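Numbering of ligands and ligand atoms starts at 1, following listing order. Counting begins at 1 with the first residue of the sequence. The model shown is predicted, which means the values in this text are computed figures rather than measured ones.
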Amino acid sequence: MKEISFESQVLHTPFEKEDAYHSLSMPVYNTAAYEFDSAEAMEAAFCGYTSDHAYSRITNPTVQNFENKIRVVTEAFSVTALNSGMAAISNALITVAYSGANIITSAHLFGNTYSFLKNTLGAFGVEARFCDLTNPEEVSSQVDENTCAIFLEVITNPQLEVADLKKLSAIGKEKGVPLIADTTVVPFNIFKAKDFGVDIEIVSSTKYISGGATSIGGLILDYGTFDWKRSSKLADMTTQFGNGTFTAKLRKEIHRNLGAYMTPQVAYMQTLGLETMEVRYERQTQTCLELAKRLQSLKEIESVNYTGLKESPFYKISNAQFGSYPGAMFTFNLSSKEACFSFMNKLKLIRRATNLFDNKTLAIHPASTIYGTFTEEQRQSMDVSSKTIRLSLGLESVDDLFNDIKQALSQEIF
Ligand SMILES: *Cc1c(COP(=O)(O)O)cnc(C)c1O
């Protein structure tokens, strides 16, 4: 059905409505509210009989254009843009969760996601069941009649663990549980989540899509693949909404009530990022693989972890799911925390910063930052080592990056 490539399609998706001034790029509709010609038209919009915009917490033309571009290239049933990746995760999980429910997941999670599941949802009676998602038998045994989702990150960070999505999806289909995946590390131009049985895809658009680290954003993609009759919370709505039940619950209730919709300025910047994502991904991941290979040869480095390397225990499954270039991020271990700090402090070109997939290459020591406020015990249970450095590759030349790493590893005093 789709004869046009991703990179062409995201550039040329038509506007939802003809622009009054024939603007070539989507204007930023900086407005909170929209005017109506009549009380009848207003009633129709507010009651959902027409799709006219009413208020920018709920929909906005610039944000909708961004959502629509992504919907077209991914063939998702719906796309919802939120004002952060965390907002996307919280909105999606609150849509399916209820007091007494449980979510099957792994302790290998982004720090705030772990805290959201354990502390925030925990306080409302939703249990996070942390288990080994690479072990399908264990996952299967953890599911019960109150399981409302299996939730995972497709390549965990910083552990770089990859679960077999088709196996998890099969468990979900058998037991009536949706598979919700955070795919931030491998974007949808490369990884076709739907083909691997993911029902709901979550993306922090702060990362690859934004590209230049211009703004914070998040996305929820509903593929319309889950049979919500099997969800005790949402089953009642299926007569009216069918496969669109999750989207209806999200857009008509949760997202309005939580009020975390993307703003038009962010949607504008992220639309520009989306238009160049394909070429940036190609360049950044090639640099990533090449640099990971070069670092394997340095004696100061104990180990290099990237699922695109044959030495990774997840190489095969990563290759099957994400191809030869599984994201532009890898980690490596030095001899100690002190060696990591010394390395970080000597970097000249590579920036000391959090974030992923900026145009600039970024280095971080995860144990002392993202996981800095966790207890040593928690870090151990999450396999976050104090010997690990994480690199997110940007657009610089691979030689410049390699030279900066080599000089930062050297013991010489300049
Ligand atoms: C950054 C990130 C998030 C959170 O996204 P924000 O846009 O910072 O809220 C969630 N999951 C993963 C895998 C991330 O890398």
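- The aromatic ring centres of Y208 and Y281 sit less than 6.0 Å apart.
- Considering only non-hydrogen protein atoms, atom 6 (P) of ligand 1 sits nearest to G85 N, 3.3 Å.
- Taking a cut-off of under 4.0 Å to the non-hydrogen atoms of D182, the atoms of ligand 1 that pass are 10 (C), 11 (N), 12 (C), 13 (C).
- Each of N157, T331, N305 was evaluated against R390; a single residue qualifies, N157, per the side chain to side chain donor-acceptor pair (under 3.5 Å) test.
- We find that E377 and R379 are not joined by a salt bridge, their nearest charged nitrogen and carboxylate oxygen being 4.0 Å or further apart.
- The minimum heavy-atom distance between K175 and R230, with the atom names listed, is C-NH2, 3.6 Å.
- With hydrogens left out, the protein atom closest to atom 4 (C) of ligand 1 is F110 CE2, 3.5 Å, a heavy atom.
- T206 OG1, 2.6 Å is the protein heavy atom nearest to atom 7 (O) of ligand 1.
- Here is the list of ligand 1 atoms found below 4.0 Å of a heavy atom in S204: 1 (C), 2 (C), 3 (C), 5 (O), 6 (P), 7 (O).
- When only interatomic distances are considered, the shortest N/O to N/O separation between I216 and ligand 1 does not fall below 3.5 Å.
- Between I155 and V185 the shortest heavy-atom distance is O-CG2, 3.9 Å.
- The atoms of ligand 1 that sit less than 4.0 Å from any heavy atom of G217 are 7 (O).
- Closest to atom 15 (O) of ligand 1 among all protein heavy atoms lies K207 NZ, 2.8 Å.
- Close approach to S84 involves these atoms of ligand 1, each under 4.0 Å from a residue heavy atom: 7 (O), 9 (O).
- Between H255 and Y261, the two ring planes are perpendicular [angle over 60°; tilted spans 30° to 60°].
- Note that CG of N243 is 11.5 Å distant from OG of S78, once rounded to the nearest 0.5 Å.
- Residue contact check: L356 has heavy atoms under 4.0 Å from atoms 15 (O) of ligand 1.
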